[in-house]
Amino acid sequence: MDATCQCGRLSVTLPGPTSAVVACHCSFCQRRSGSPFGVMAYYPRESLKITGKAARYERPTDSGGIFETFFCPTCGATVYARAGKHPTMLGVPVGAIADVAFPPPVRSVWETRKHPWVTIPEPAEHFPEGRS
Ligand SMILES: [Zn+2]
Ligand SMILES: [Zn+2]
C-alpha cells in the first residue's frame, strides 16, 4: 500500500491500513490540503519507506511547537508530515493513499473551524480544538 504525490515522484510505502486516522478542520489543514479539512493516518516512522525527493515546510503550532510537511517539489502534493510533539510518528494524508477502503477517522479535531456541511461519521471522537 503506497501514498504517492500527483506526479508519482515522491511516495511512501505503508505497512497497511491503520486505525490511527485523524480529521482536522483547522485553517492550516484547510490551506495545506486545499480541502475543507485534512485527514492524516499516523504511523511509526520506522514502519514507512520513503522514496523520492521531498521539499519541507515548517510552521509553528499554537502550543509552541512545530509542524513539518514534506511535499513533492515537482507537483506540490504533501505526502507526509511530522508534528514536533510526536517526532517518532509520521502522518500520511489519506487522500495520497487514494484507496476508498481505507479506514475512516477515529478522531475529529478543531471542530470550531468545521464547515457546517461536513459530517464525520460515528463513532469518531469529537474535539472543539486540538488534542495531542
Ligand atoms: Zn509529484
Ligand atoms: Zn489541522
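The analysis underlying the following values was restricted to heavy atoms, covering all of them including side chains, and did not include hydrogens, waters or symmetry mates. As the structure lists them, so they are numbered: ligands from 1, and atoms in each ligand from 1. Source: prediction; values computed, not measured.
- For the pair Arg82 and Phe70, the cation-pi criterion (under 6.0 Å, within 45° of the ring axis) is not fulfilled.
- Of all non-hydrogen atoms in Leu90 and Tyr80, the two that sit nearest each other are CD1-CD1, 3.9 Å.
- Electrostatic pairing of Glu111 and Arg113 does not count as a salt bridge here, judged by no charged N lying under 4.0 Å from a carboxylate O.
- The side-chain heavy atoms of Val94 and Val21, taken from C-beta on, include a pair separated by under 4.5 Å.
- Thr69 and Phe71 get closest at one heavy-atom pair: O-CD2, 3.9 Å.
- Here the angle centred on the Zn ion (ligand 1), running from SG of Cys5 over to SG of Cys72, is 110°, rounded to 10°.
- From His25, atom NE2 reaches atom OG1 of Thr112 across 9.5 Å, with rounding to the nearest 0.5 Å.
- Within the protein, the N, O or S atoms sitting under 2.8 Å from the Zn ion (ligand 2) are Cys24 SG, Cys26 SG, Cys29 SG.
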